[in-house]
Engineer: 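Please see the structure below; I have some questions.
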Amino acid sequence: MTAVLEVSDIKKRFGGIHAVDGVSFEVREGEILGIIGPNGCGKSTLFNCILGQLQPSEGEVKLDGRVTTGMRPCDINKLGVSRTFQLLQIFPKLSVRENLILAAQEHKGTMMSRLFGPRDAGLNGAADQMIAFFKLTHLADELAGGLSYGQQKLLDAAMAFMAGPRLVLLDEPAGGVNLTMLGNLRDRLKAFNEERGATFVVIEHNMDFVMSLCTRVLVLAEGKVLAEGLPAEVRANPAVIEAYLGH
Amino acid sequence: MSEAARTRLNYAGVAIALAFLILAPLEFHRYGIYILSQWAVMTIAAIGLNLTLGYAGQVSLAQGAFVGIGAYCAAILTTQGWPLIAAIALALVLCFVIGWLLGYPALRVQHHYLAFVTLAFSTLAFLVFRNESWLTNGTEGIDGVPRPTVLGLSTTPHLYYYYFCLFMLALVTLATLGLVRSPWGRAFIALRENPLRALSLGVDTRRYILMAFAIGSALGGLAGALYAPLVGLVEPPAFTLTLSLNLLMMVIVGGSGYFLGPFLGGLVAVLLPEWLRVVDNYYLILYALLVMGLLIYSPTGLIGIVDRFLVDRRTRAASAARAAASASIERP
């Protein structure tokens with residue numbers, strides 16, 4: 001399997017604080033990599049460096065062999081990488097369908113063609129399919145701000161998939177989601193991985209979620225890679241138990 | 001209410017408003033027509049500001065300056081014998097370019113910091129209008145701005161110039177409606193609501209911010225180019241920060257980010273003070289109290305009141321539907 005994402009010796013400093021300190025890893029096509037670690041260990045900062053929200057102090061990021069370090073988030077997104085954030089990031093004053101159309105419209109044509117093209121940028125059908133896939137059909141025309149937290153989480157995830165990305169980075173997708181909705185979310189993510197071959201990187205604290213979803217796990221502690229391996233290997237790793245999982 | 005019924009209601013509303021705007025001035029005296037023309041012109045400027053501020057969320061206190069630039073374009077060119085259409089084209093292009101450039105600070109600063117940047121530009125524009133006498137005739141201004149001849153008909157009578165302004169307002173309305181209903185409109189809203197997420201979804205926030213400033217400013221310039229022949233005299237005091245604040249008030253009072261907001265805001269800012277003149281010297285005090293009262297009652301403006309009512313009704317209908325669905329599931 002080829003590497004979709006290659007992260008080489010990424011460092012990010014904020015003044016004297018080393019938030020990310022020389023992290024390297026690869027994500028292969030079709031795999032679901034989980035990133036775990038205690039709060040403040042640099043997981044989200046690492047995501048932000050990969051996706052252009054922050055410029056790394058040192059190191060390099062490659063997508064499909066192409067260096068993307070220094071590129072803007074919107075340009076990285078157009079290379080087929082999307083993400084969700086730790087905190088919910090939807091557009092509450094747009095309907096569910098409009099949120100999804102927005103999530104893919106910039107991938108259609110040029111800025112000028114979108115001005116004079118159809119209102120839905122030709123994405124109504126795709127949005128409806130995504131809405132059905134995430135079981136939100138009955139809410140398609142509701143304002144996103146009026147949805148429950150769990151439904152908004154599903155919408156947030158659905159938006160990340162709308163443009164048909166090759167790689168999706170999910171930052172704590174299970175945070176604050178109830179058990180029923182969590183199962184639903186895990187099923188949808190697995191289905192996406194199996195049916196469409198999407199590759200994921202998932203930051204998550206919910207270990208059951210990580211262990212049942214991810215094919216490989218990377219553990220961060222104090223900005224460095226502490227361990228890497230299959231979920232069962234990581235769970236049994238004494239250093240990981242000591243630093244994060246506990247006895 | 002079904003989608004079709006809502007569309008029919010919208011069309012009926014537009015037809016009634018249009019019929020009123022065309023027929024009512026036939027009964028108005030000269031001053032009434034003049035004030036209505038001013039409403040049409042300032043509504044164009046407010047539509048521009050609503051794009052920049054209401055839709056794209058970029059604070060601007062410079063819209064009055066763009067009206068001034070447009071007005072001086074029209075005054076300088078038409079008094080030199082150029083047709084108004086040439087002045088309008090120049091005002092649109094010039095304000096578009098300056099607006100685009102003014103958008104650059106918005107890429108780095110936001111909210112009240114951005115307001116101060118645009119305020120500084122507003123002051124700078126005023127100083128140019130007042131001090132660059134070789135171009136603007138300084139404090140004396142430019143008098144005798146002629147009204148255009150349209151299709152062989154002189155628009156010197158107030159009524160005819162009003163219809164010309166109304167026609168231009170209709171064109172701007174249609175163009176802006178097309179814009180806000182296109183994917184651009186959605187991108188503008190995304191920019192306002194959550195720029196971080198918009199960027200991560202491929203929305204080139206930099207280009208959209210610049211476009212929001214440029215288009216909004218161009219509409220300000222167009223309004224200015226129509227304002228000059230309406231008033232006949234273009235002088236610096238007309239384009240101080242007060243005008244920018246008035247336009248801002250039009251957008252906020254009407255309903256920032258709502259398409260119809262500037263139209264209603266224009267009614268409040270331009271026509272309401274005239275209607276309140278029945279209370280003689282107290283009319284501005286009463287006007288200020290009414291505006292304060294309105295914004296306390298509905299911070300989202302006049303359209304916000306209607307929107308709140310519609311959302312409440314939709315929520316109640318959705319709750320009733322959910323309750324009915326639950327009842328039918330529970331029933332054996």
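Reminder, nothing fancy here: chain letters follow the sequence lines and each chain counts from 1.
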Engineer: Heavy-atom pairs under 4.5 Å with chain B - which of A/Pro92, A/Pro165, A/Ser82, A/Gly117 has more of them than the others?
Structural biologist: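 Maximum pair count with chain B is reached by A/Pro92.
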Engineer: Where on A/Lys93 is there a heavy atom nearer than 4.5 Å to chain B: the side chain, the backbone, both, or neither?
Structural biologist: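 For A/Lys93, the contact with chain B is made by backbone and side chain together.
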Engineer: Once the angle between the rings of B/Phe188 and B/Trp184 is folded into 0 to 90°, is it parallel (under 30°), tilted (30 to 60°) or perpendicular (over 60°)?
Structural biologist: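 Geometry flag for B/Trp184 against B/Phe188: perpendicular rings.
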Engineer: Using the ring centroid of each side chain, check whether A/Phe200 and A/Phe161 are separated by less than 6.0 Å.
Structural biologist: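 Yes: the rings meet the under 6.0 Å criterion.
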Engineer: Of the backbone (N, CA, C, O) and the side chain (C-beta and beyond), which part of A/Asn48 lies under 4.5 Å from a heavy atom of chain B, both, or neither?
Structural biologist: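 Looking at A/Asn48, nothing touches chain B.
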Engineer: Taking side chain as everything from C-beta outward and backbone as N, CA, C, O, which of these in A/Leu51 sits under 4.5 Å from a heavy atom of chain B? Side chain, backbone, both or neither.
Structural biologist: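 Neither; nothing under 4.5 Å.
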Engineer: Against chain B, label A/Met162 side chain, backbone, both or neither, depending on which of its atoms sit under 4.5 Å from a heavy atom there.
Structural biologist: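 The answer is neither part of A/Met162.
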Engineer: Validate the cation-pi geometry between A/Arg83 and A/Phe47: distance from NZ or CZ to the six-membered ring centre under 6.0 Å, angle to the ring axis within 45°.
Structural biologist: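 No, A/Arg83 does not lie over the aromatic ring of A/Phe47.
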Engineer: Under a 4.5 Å heavy-atom cut-off, does chain B meet the side chain of A/Phe85, its backbone, both or neither?
Structural biologist: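 The side chain, not the backbone.
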Engineer: For A/Phe192, does the six-membered ring have the charged nitrogen or CZ of A/Arg196 within the cation-pi criterion, i.e. under 6.0 angstrom from the centroid and within 45° of the normal?
Structural biologist: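 Verdict for A/Phe192: a cation-pi partner in A/Arg196.
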Engineer: Using a strict cut-off of less than 4.0 Å between a Lys/Arg side-chain nitrogen and an Asp/Glu carboxylate oxygen, indicate whether A/Glu172 and A/Lys43 qualify as a salt bridge.
Structural biologist: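 No, A/Glu172 and A/Lys43 are not salt-bridged.
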Engineer: Which answer fits A/Ala103, side chain, backbone, both or neither, if we ask what part of it has an atom under 4.5 Å from a heavy atom of chain B?
Structural biologist: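 Both backbone and side chain of A/Ala103 come within 4.5 Å of chain B.
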Engineer: Taking side chain as everything from C-beta outward and backbone as N, CA, C, O, which of these in A/Glu98 sits under 4.5 Å from a heavy atom of chain B? Side chain, backbone, both or neither.
Structural biologist: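 For A/Glu98, backbone and side chain are both near chain B.
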Engineer: Which bit of A/Pro118 comes within less than 4.5 Å of chain B, counting heavy atoms only: side chain, backbone, both or neither?
Structural biologist: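 Only the backbone of A/Pro118 comes within 4.5 Å of chain B.
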Engineer: So which residue, B/Gly257, B/Gly202, B/Gly185, B/Ser182, ends up with the most heavy-atom pairs under 4.5 Å with chain A?
Structural biologist: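 The answer is B/Gly202.
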Engineer: Select, from A/Thr84, A/Leu123, A/Ile101, A/Ile76, the one with the greatest count of heavy-atom pairs under 4.5 Å involving chain B.
Structural biologist: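 Among A/Thr84, A/Leu123, A/Ile101, A/Ile76, the one with the most close pairs to chain B is A/Ile101.
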Engineer: Quick one: are the ring centres of B/Phe96 and B/Phe66 less than 6.0 Å apart?
Structural biologist: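 When the ring centroids of B/Phe96 and B/Phe66 are compared, they turn out to be at least 6.0 Å apart.
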Engineer: With a 4.5 angstrom heavy-atom cut-off, could you sort out which part of A/Leu143 is near chain B: side chain, backbone, both or neither?
Structural biologist: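 It is both, since atoms from each part get that close.
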Engineer: Any cation-pi pair here, B/Arg308 with B/Tyr297, using under 6.0 Å and within 45°?
Structural biologist: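 Because its charged atom sits under 6.0 Å from the ring centre and within 45° of the axis, B/Arg308 does stack over B/Tyr297.
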Engineer: Is the gap between the ring centers of B/Trp100 and B/Phe213 under 6.0 Å?
Structural biologist: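 Aromatic pair excluded; centres sit 6.0 Å or further apart.
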Engineer: Taking 4.0 angstrom as the limit, do B/Arg197 and A/Asp156 come out as a salt bridge?
Structural biologist: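 A salt bridge is present here (some side-chain N lies under 4.0 Å from a carboxylate O).
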Engineer: For the interface with chain B, which of A/Asn99, A/Asp75, A/Leu102, A/Asp120 has the highest count of heavy-atom pairs at distances below 4.5 Å?
Structural biologist: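 The answer is A/Leu102.
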Engineer: Heavy-atom distances under 4.5 Å only: say whether B/Arg207 touches chain A with side chain, backbone, both or neither.
Structural biologist: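 Both parts, backbone and side chain.
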